[in-house]
Amino acid sequence: MKMKNRHLIQRAAALALAAVMAVMTAGCGAKEQKEGATEGAKDSTKQAGTADPGTADVAKGRYVEQAVAYPFEAGTERVVDIIQDQNGELVMFTLIGQEVDGKKKAYRYDGSSWSEDTASPVQELQDSDYLTYSAYGADGTLYLIYADQSYKAHLVKFAEGQPMQEISAGIEDAMVLLNGLYVSEDGTLFIPSGDQVIVVGTDGVVEKKLPQRNSHSNFCDSHTLTANSFMTTGDRGFLRYDLKSLAEKEVIPFQTDESDVYGSLARGEGDDFYLANTKGIHHMADQGTMWETIVDGSLNSMSMPSAYVKRLLVGNDNDFYLWYSESEEQKLARYTYDPEMPTIPSKTLTVYGLNLSENQTVKQAAALFQMEHPDVRVELIDGAGESGSTLKSDTIRSLNAELLNGNGADVLVLDGLPIESYIEKGVLEDLSDIITPMVKAGELYPNIAESFTGSDGSVYQYPVRVTIPIMYGDGTAVSQMAAIGSLRAWQEANPDKALFPKTIYENILRQMIYLYYPELAGKDAGQLDTEKVRILLETAKLAGDASGSKVVFDESEDGGRGRVYNAADTRGFTGLSDYGLLTKNAEISLVELAGMMDVMTPVAIVDKYGYQMEQFNDIYYPKGLLGVTSFGKEKETAREFVAFALSPKVQNGDLNDGFTVSKTASGAWIERTSMVSIGFSFDGGDMMSAEYPDDKKKEEIMGMLDKLHTPISVDDILLEMIVSETKGYFEGKQTAAEAAGQFENKTKLYYAE
């Protein structure tokens, strides 16, 4: 493979990028470099930085992504494997149709187009045989692993001019654990399987089993062969095994972290190798110690939360191929070096959020926006990771200081932030010129838009997703959940029955705040009413006592379940509700739906026991609340980003972080299909199965979006304040009135800031 030219290009590009970074640092103030020269630099003041064309020539040269179209219409065939033959040519195997079995086809790619390989031996497999892994030997022999109808694994080879030969390698019962097939120059086979790599000699006998990190998944291609070694994963990094002695030679630290186990390795020249992960394509030289980033993943599909790396392939023409899945669709991308493409986009759009890990759709929008705007780099800044403080209140206060001084990001993800204060102080731009036309055109749900439109028609924030709280269970108990007073009355009348699952009091308090916030404060109210807080605390304690809740559990309680009880959730939805309902320790289940996958278990329970599924008071939780700052350096680009995030290109996807806010995208949510199914039971109870919702159920769920009228957004500082300042009541050290009064005093100081 022609690798030398690539390295000359890469190093030249890295040097040019470093030079531009030096100019940017001098021109834009204090910066800190976090990822190395090819990763770029981040502005520690969280401001956008762009190279000044008058200061230096813009450096050029970087890898760009191009989609490689398949040679068949979508839905007619399913890709099962993409590999390279002994000459480095791409070979793809498919199944006709979308089932797990059927006729197999083979295609070859010459760098510009596909052609069907009608002579491929893969067609000798039976329709009922499911092809899982394939690899070519140096002599052109094709090796395959397939599963038969009994899910037994078979290892076979097709030498030129020879009939299919089965190799007995002792893998028949390892089908569910297999995750790869690799052939060395001398024909030795390496088959990763669970926590080991099975090494099969040319005589078909297992020579050795090499330890590796268990990924507990078939979706793992973090292995490769180099000239003299086999690469796999260990607990601390990538393991290199010597091909001759099969002894471990060294451990190479992961490029990112343990998530690299789900990346893909590919051989380079000699003992060089490459890694593809969400951050891009990276190179590790023979005997090297530092990763060199070749393709910046933040500028292409690799950074999309919906994308899952399947296999990296190194081409023959200074190019790379990446086979990946995106929203359950198999895709293939090619990365070629463009010497005219600016090394760094001319604009940087900064997007700041308190916890962007909870906003997959925002990250998806950033990746897609960059691909459509090659001149823009979207820099995502996670407040939790950047602040250096473990206290969310400290992070928010630091951000507030920046904002009020006219500094900060171009786009704010406002979840958990004091939004009303920002509006009053002129921090946010009016987005009505974007939102109102989209509503009038029928693109956005009008009921959701109404919640974020002021009496004067202004719009300062808009969510990219919404989650929906639902409840199901005993009909009488469900009917009493509408208000704090009725909940309390029912619980007092039924002290031996529980509405909430066994957990820490804190979770019950958090959940009640998010369920009854309009009752506690009113839609336009600021500070929570102290008397209502007192009643809230007493009711949360009453409900917690009925379920056996505590301030904190010993982790060994209930056979080790204490650790699960202790896990706190921002909104209190811990996932324990179904457990409580099915084990008959709770009368209802309260669940926050964030996507169609979340619908599966509730529907299975409701159908089995005849429960009625209901929305909770037509409330919803907006997520990914976007706002454009009034002082940002890229205002117009920021406004474009908001409009783009609300478009079907982003909204059509289901990333399980909330439902779409786009009326236009609702059809795509109903049309989406999945073969996912799960089986579950609790404490020896009935085994239940849950399937992806059918069309009727999907239409019912999407119909809930038309009924959403009350958004619940709680200032994170206020939320943490009520939890911390009232803990003494649940510990028995204060009365509810004393705890509520203590909270009131704290909030007065907070609002005065």
Electrostatic pair [X]:[Y] at N-O distance under 4.0 angstrom:
X	Y	answer
Glu538	Lys541	no
Asp694	Lys697	no
Lys727	Glu506	no
Lys696	Glu700	no
Glu358	Lys623	no

Side chains of [X] and [Y], heavy atoms from C-beta outward: is any pair under 4.5 Å?
X	Y	answer
Thr278	Met302	no
Ser547	Pro501	no
Met512	Thr539	yes
Leu705	Ile468	yes
Lys363	Leu655	no
Thr747	Leu718	yes
Arg510	Val723	yes
Val439	Tyr445	no

Counting distance only, does the side-chain N/O of [X] pair as donor-acceptor with the main-chain N or O of [Y] below 3.5 Å?
X	Y	result
Asp415	Leu625	yes
Asp657	Asn359	no
Asp410	Leu349	no
Asn617	Ile619	no
Ser577	Leu590	yes
Glu420	Ile423	no
Ser630	Val427	yes
Asp382	Leu356	yes
Asp529	Ala521	no
Thr467	Gly658	no

Can you label the angle between the Phe644 ring and the His373 ring as parallel, tilted or perpendicular, going by 30° and 60°?
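Taking His373 first and then Phe644, their aromatic rings stand perpendicular (interplane angle over 60°).
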[X] [atom1] to [Y] [atom2] distance, which is reported to the nearest 0.5 Å:
X	Y	atom1	atom2	answer
Lys502	Ser549	NZ	OG	8.5 Å
Thr361	Gln651	OG1	CD	7.0 Å
Leu354	Ile381	CG	CD1	12.5 Å
Leu646	Leu626	CG	CG	7.0 Å
Glu587	Lys497	CD	NZ	5.0 Å
Asp654	Met596	CG	CE	7.0 Å

Verify whether one side chain among [X] and [Y] offers a donor that lies under 3.5 Å from an acceptor in the other.
X	Y	answer
Ser306	Gln364	yes
Asn507	Thr574	no
Tyr620	Asn447	no
Lys425	Ser421	yes

Crowded around [X] [atom1]? As in, over 12 foreign heavy atoms under 6.0 Å?
X	atom1	answer
Glu372	CD	yes
Lys649	NZ	no
Tyr308	OH	no

Looking only at heavy atoms, which two atoms of [X] and [Y] are closest? And how far apart?
X	Y	result
Asp618	Gln615	OD1-NE2, 4.0 Å
Ser458	Ser432	CA-CB, 4.3 Å
Asp715	Pro418	OD2-CB, 3.6 Å
Ala736	Tyr729	N-CD1, 3.4 Å

Determine, step by step, whether Leu581 and Asp474 satisfy the side-chain contact (heavy atoms from CB on, under 4.5 Å) criterion, reporting the C-alpha distance in whole Å, the side-chain angles of both residues, the deciding distance to 0.1 Å, and the verdict.
CA-CA 9 Å; Leu581 181 64; Asp474 177 80; over 6 Å; no
Examine Arg488 relative to Trp490 and say whether NZ or CZ is less than 6.0 Å from the centre of the six-membered ring and inside a 45° cone about the ring axis.
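No, cation not above the ring by the 6.0 Å, 45° rule.
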Phe553 ring centre to Arg563 NZ or CZ under 6.0 Å, with the angle to the axis within 45°?
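Here Arg563 fails the 6.0 Å and 45° test against Phe553.
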Contacts of Ser662 that satisfy side chain to side chain donor-acceptor pair (under 3.5 Å) - sequence neighbours left out
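Not a single residue meets the side chain to side chain donor-acceptor pair (under 3.5 Å) criterion with Ser662.
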Would you check, one step at a time, whether the test salt bridge (charged side-chain N to carboxylate O under 4.0 Å, His left out) holds for Glu720 with Lys746?
CA-CA 11 Å; Glu720 300 306 321; Lys746 282 283 187 178; over 6 Å; no
Verify side chain to side chain donor-acceptor pair (under 3.5 Å) between Ser589 and Asp578, making sure each step is shown before the conclusion.
CA-CA 6 Å; Ser589 183; Asp578 284 341; 2.7 Å; yes
Please test Leu582 against Met688 for side-chain contact (heavy atoms from CB on, under 4.5 Å), starting from the C-alpha separation and ending with a verdict.
CA-CA 11 Å; Leu582 291 179; Met688 299 179 64; 4.3 Å; yes
Between Glu519 and Lys532, does a salt bridge (charged side-chain N to carboxylate O under 4.0 Å, His left out) hold up when you go through it step by step?
CA-CA 8 Å; Glu519 183 179 341; Lys532 290 179 179 178; over 6 Å; no
Would you sort out whether Tyr621 and Tyr514 count as a ring pair (Phe, Tyr, Trp, His ring centres under 6.0 Å), showing the intermediate values?
CA-CA 9 Å; Tyr621 306 128; Tyr514 268 93; 5.5 Å; yes
Where do Val714 and Tyr517 land on the side-chain contact (heavy atoms from CB on, under 4.5 Å) test, with the steps shown first?
CA-CA 8 Å; Val714 182; Tyr517 197 77; 3.9 Å; yes
Applying salt bridge (charged side-chain N to carboxylate O under 4.0 Å, His left out), run through Lys663 and Glu443 and close with a yes or a no.
CA-CA 5 Å; Lys663 191 85 171 177; Glu443 297 174 29; over 6 Å; no
Aromatic contact, Phe616 with Tyr516 (centres under 6.0 Å):
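Phe616 vs Tyr516: aromatic centres under 6.0 Å.
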Salt bridge (charged side-chain N to carboxylate O under 4.0 Å, His left out) between Glu531 and Arg534, intermediate numbers included:
CA-CA 5 Å; Glu531 177 60 15; Arg534 178 189 67 78; 2.4 Å; yes
